[in-house]
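Have a look at the structure below, then the notes.
Only this structure's heavy atoms are used, side chains among them; waters, hydrogens and symmetry mates stay out. We count ligands from 1, going down the list as the structure has it; atoms in each ligand are counted the same way.
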Amino acid sequence: MNKQIVIIGGGASALMLASLLPKKSATVIEKNAAPGAKIVVSGGGKCNITNAVMSPDFFLADTSFVTPALEAFNEKDLLRWLKRRGLEPVLKKGSQYFCKESSRELLSLLQKESRKQTFFYSETVLSVNKREGHFYIKTDKRMLTADAVMVASGGLSFPRLGAGGIGYEIAGHFGHNIVKTAPGLVGFTVQKEQFFFKELSGASTEVVITVNGQKCKGSLLFAHKGISGPAVLDASLYWEKGKMEIDFLPGFSWESIRKSPKQLSSLLPMPKRVTKAFLLQLKLHDKTGNRITDRELLILKGLNHYSFAPAGTFGYSKAEVTKGGVDTTEVDSRTMMSKKCEGLFFTGEVLDVTGRLGGYNFQWAFSSAASCARFFTGRQR
Ligand SMILES: Cc1cc2nc3c(=O)[nH]c(=O)nc-3n(C[C@H](O)[C@H](O)[C@H](O)COP(=O)(O)OP(=O)(O)OC[C@H]3O[C@@H](n4cnc5c(N)ncnc54)[C@H](O)[C@@H]3O)c2cc1C
């Protein structure tokens, strides 16, 4: 097939698309002066590429939509594809795959694989129209025509790295519904009752957060503005408004505490200053375990289900992803083609698919790109 394709955006999904499509078939338009800005900063500079434990359950999305793409190009396919090109990500934190030294390893590989296409940098797409079977892509520098358009322009998070709403505007123009967007994988600001959290800035502790029936385990980091850390970021995917519950002492055995001659601030498995701050809030003294009363024990056990309502989130400027996006009921799950406009495709974060923390968002960016590219190449894996 000798179609001329325009890819909007030069991020993770676009670079994979450009790598998999036939030589000289695509023009990539990227607003930034260089591609893959989010790849560079991701995973603390080492890019958490994917995860050995992969299932649609790790995505806030319609399972029937994400399954075909995740199965057709899964984490093993991705790792194999990278390995054949000289990149072997390393396993860390149990099941997460990261670049060995730097995210640039992945970015360089994708740039090398995709250089068979044309790239326009520092160029912003303004609109897309379709007339008589042809797409007209207006940028701030020119008008391009194409037989197919792939919208890989990402979501709204991290505007300083190029994020913007053009993908939703294009989708809306072609009659697509946009599922309400919100910052995701983001920290929470707190209300007055939790202002004492801010004074604990820098301390972290292991928690289990329950929000809207979902459990998120991991570290909670007290931050200058509120709370952050892996468990909190995951919890943000399921929080809309209202309360959440934090177990600050998951699995802690209360039986032994009554016999101990140690003080509570040494007994409870949290950083001392965190325990002391909670004791102050609970109006309890930092006494030895063997001196606490039944009433005090009952109050302490409240730390297993600390309920509070965040004031809000840190917003798009700090969010790793955007929840919501192009309604997936209007997109073909095998090809990523719009059901409303032939030749218009959506891949990556612009869609209403959000992965949990752990490499799931890059896997989605790559899996959805692979499904889309397969439509043009017919090639399996
Ligand atoms: C700080 C941070 C850390 C992260 N860490 C991880 C991680 O370790 N693992 C993980 O799985 N995910 C991580 N993510 C999420 C991941 O980066 C995204 O989900 C992923 O990059 C989405 O890929 P995409 O191609 O859909 O969009 P993007 O990578 O955002 O690419 C979209 C591109 O489109 C360009 N663009 C936008 N508008 C226009 C326009 N009008 N004209 C031209 N170009 C335009 C943008 O400049 C951008 O380059 C992280 C995100 C952030 C912000």
Cationic N near anionic O, under 4.0 Å, [X] to [Y]:
{"X": "Glu105", "Y": "Lys46", "value": "no"}
{"X": "Lys287", "Y": "Glu296", "value": "yes"}
{"X": "Arg258", "Y": "Asp294", "value": "yes"}

Please output the residues near ligand 1 using a strict heavy-atom distance under 4.0 Å, listed in chain and residue-number order. Gly9, Gly10, Gly11, Ala12, Ser13, Ile29, Glu30, Lys31, Asn32, Lys38, Val41, Ser42, Gly43, Asn48, Glu123, Thr124, Val125, Ala152, Ser153, Gly154, Phe158, Leu161, Gly162, Ile166, Glu320, Val321, Gly348, Glu349, Gly359, Tyr360, Asn361, Phe362, Ala365
Would you please indicate yes or no on a ring centroid separation below 6.0 angstrom for Phe376 and Phe345? yes
Would the His176 and Phe346 ring centres measure less than 6.0 Å apart? yes
Could you label the plane-to-plane angle of the Phe278 and Phe248 rings as parallel, tilted or perpendicular, counting under 30° as parallel and over 60° as perpendicular? tilted
